[in-house]
Protein chains: 2
Amino acid sequence: MSDVAKKAGVSIGTVSNVLNHANRVKPGTVKKVQRAIEELGFVRNDAARQLKAGNSRTIGLVVPDASNPFFADLAKGAENLAIAREFAVIIGNSSEDNSRESSYINLFHEQRVGGVLISPVRGVNKRIEQLHHMGINAVIVDREADATICCSVSVDDVAGGRLASRHLLDQGRKHIAFVGGGPSIQQTVDRLEGVRQEMLNFPKARLSVFETSEMNVLAGRKVGIEIGKLPATERPDGVFCANDLVAVGVMQALLFENSIKVPEQIAMIGYDDIDFAQSTIVPLSSVRQPSHLLGSSAVELLISELQDVDHVHRQITFQPEIVIRESSLRTK
Amino acid sequence: MSDVAKKAGVSIGTVSNVLNHANRVKPGTVKKVQRAIEELGFVRNDAARQLKAGNSRTIGLVVPDASNPFFADLAKGAENLAIAREFAVIIGNSSEDNSRESSYINLFHEQRVGGVLISPVRGVNKRIEQLHHMGINAVIVDREADATICCSVSVDDVAGGRLASRHLLDQGRKHIAFVGGGPSIQQTVDRLEGVRQEMLNFPKARLSVFETSEMNVLAGRKVGIEIGKLPATERPDGVFCANDLVAVGVMQALLFENSIKVPEQIAMIGYDDIDFAQSTIVPLSSVRQPSHLLGSSAVELLISELQDVDHVHRQITFQPEIVIRESSLRTK
DNA sequence: CTCTAAAATTGAAACGATTCAAAAAAAGTA
DNA sequence: TACTTTTTTTGAATCGTTTCAATTTTAGAG
């Protein structure tokens, strides 16, 4: 910067003013400085700027699976709004791993990000507590949080679970299977809770629960093979998967490995309504979440927390919506 | 940090040594300092560290479409290796927009990232030139680069185009349609070039080219509707899409909007072999690229450039591989 | 116990921006 | 012209690390 100052024949302070408060500087001087910047190819060192400022115009986003289109869309929503507000978004992929989640939080903290959007893998409250204790502004996404400590943006997963299971039961299915990622994943727990609630209205129906190691296509395929091998009396006639990736895997296995017909023999419904859901072998019914809106709302809340003096923590909950396609329709 | 030093009863320099060169410090002292760090909840300020170091252990990655699973996988490959080498990866999504690409480059430059992995939208050489001129270490991904200036990791797109089109022609298709994103997108240009080369071996076959506004499902659907509306004599009997997202869109439109049978009336093949390709309504043939490997190799090259004094720029080119599924098979 | 070599510790300087009180220049007024 | 007010410009101090030459402590040898 001092090179620029020398070349433009002004002081360092003036160069800084041109960069940050151009209106305080005489127009002629601005031009001189800008020409010098241009000629020297000067680019401000953000580390020094941050060091002085104490924080940065960057938002950290920690997601459990960046290759899940749902989170990719959520990230896109967040990024678009952030850019409009002149913030940058850094994405960290925890891969549903607690220690990886921690190291991203540390990395972001070291970088003194303005704040963090996070969809915690497990132990939400513990994580919130920790972030709060570290003095990091955080918005919980896709999970409800304790209103007193921070903001959150979520979708009512219990309602989503009810929607999906009620639809299957309404279609006359008697034995529902729920396929999801185990009790450490909150989304799974809530969606299953919705199923359980709904089952109370159908006392004759039966529920089986299958646990996957991860929430992706491959893990779904494993469960699909397992289901296909069950004797006819033990086999469910309706499968609800905790996300579409798992549903796609289960469907693949049922159709190709076990020659089971969807929806005739087994009706299926997924969750997230990713772009591909309508393009699967049998178009997949799903529960739609406003992924884009989740991301942008989260950024909105975070920026409000950073900038508004009278900010109060808010919990925004969106309602999911069922999208019915061929995979879950009643057999004629 | 001075608080930590005071609490541990040592100097600031010692605290720094504990953090960075623990072996230079007596084990007992290390313990004292670590306890102090623990108790005070101290987190190093990365801005100051970077300011001193002049650069950061961060790698910027600029992709044209983060919601394309191909790039999501590539990013994952990059991230995994980077983490193993204790680098962090920041992802910027240019959305195939030149100015957005520029602003990410500037952001990364301001942050003094160690280097940049980039899949430039257009004008590759101009962009390489610019990065080189700015003194930014860069590796071009998914595109070959001028060997004298920087490294690159790519897949032979011309070969991929040949593979796909030869397969369709071998199956007896006479009128091939190529669907891709226009001449500004290098991948499209190269894959089409492959098609053109291969057509020379089949002088009786015909080629039509359709241009999409973007390279996603929605854009593909539009072209699919267009193709479906063509009179039978003008309609292609083999469609090669420049990526799987577009192929999925085209397939949706053909099947649902126009009731055209795949592969009986129109054979289809996509590109990238994303996870979903085998789960589409009619399982989609595709050209597989080693997406994960692309990402990790790029990181490898970049880190070598940063750390090895005798680094020489290398161009790594992988060969694509055809994956044949139902969508392109000959009608019995 | 003394001397020497090795290991551990110290703390001032440097990184490159922003800030702000003070100085200088310009504009306005009598 | 002389003085006041407003606008611009200046540059030293600051942010929190890392580095490295100098100093102190410890270990080893005789």
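By convention in this document, chain letters (A, B, ...) are assigned in the order of the sequence lines, proteins followed by strands, and residues within each chain are numbered from 1. Values reported hereafter were calculated over all heavy atoms of this structure, with side chains retained and with hydrogens, waters and symmetry mates removed. Being a predicted model, the structure only gives us computed values, none of them experimental.
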Salt bridge flag under 4.0 Å for residues B:K7 and B:E39: yes
Integer-rounded Å distance: D:dT18 P and B:N55 CG: 13 Å
Distance test, side-chain N/O of B:N45 to OP1/OP2 of D:dT17, below 4.0 Å: no
Integer-rounded Å distance: D:dT17 C1' and A:Q111 CD: 15 Å
Proximity to the side chain of B:K26 - top-ranked nucleotide from D:dC15, C:dA8, C:dT18: C:dA8
Side-chain donor or acceptor of B:Q315 paired with backbone N/O of B:A145 under 3.5 Å: yes
Length of the line joining A:Q50:CD and D:dT17:P, which is rounded to integer Å: 13 Å
C:dT18 phosphate, OP1 or OP2, under 4.0 Å from A:R44 side-chain N/O: yes
Nearest-Å distance for atom pair CD/P, residues A:E110 and D:dC15: 20 Å
Interatomic distance, B:N23 CG vs C:dA8 P [rounded to whole Å]: 9 Å
Whole-Å gap separating C1' (D:dT26) and CZ (B:R24): 19 Å
Side chain of A:L51 - closest among C:dT18, D:dT17, D:dC15: D:dC15
Position toward the 5' end of DNA chain C (nearest nucleotide), B:R112 or B:V25: B:V25
Length of the CG-P vector between B:D3 and D:dC15, whole Å: 12 Å
Nearest-Å distance for atom pair CZ/P, residues B:R49 and C:dG16: 17 Å
B:R44 and B:N20: side chain donor to acceptor below 3.5 Å: yes
Flag for B:S152-B:E144: side-chain donor and acceptor within less than 3.5 Å: no
Side-chain N,O (A:S16) to OP1/OP2 (C:dA17) below 4.0 Å: no
Short side-chain N/O contact to C:dT19 OP1/OP2 from A:H21, under 4.0 Å: yes
Residue-phosphate contact under 4.0 Å: A:T29 side-chain N/O, D:dT9 OP1/OP2: yes
Touch class at under 4.0 angstrom, heavy-atom based, for A:N20 against every strand present: sugar-phosphate
Nearest-nucleotide 5' precedence on DNA chain D, A:P27 against B:N17: A:P27
Donor-acceptor contact below 3.5 Å, side chain B:R100 vs main chain B:S95: no
Which nucleotide in C:dT10, D:dT10, D:dT14 has an atom nearest any side-chain atom of A:K52: D:dT14
Candidate nucleotides D:dT17, D:dT10, C:dT18, ranked by approach to the side chain of A:V10 - the nearest: D:dT10
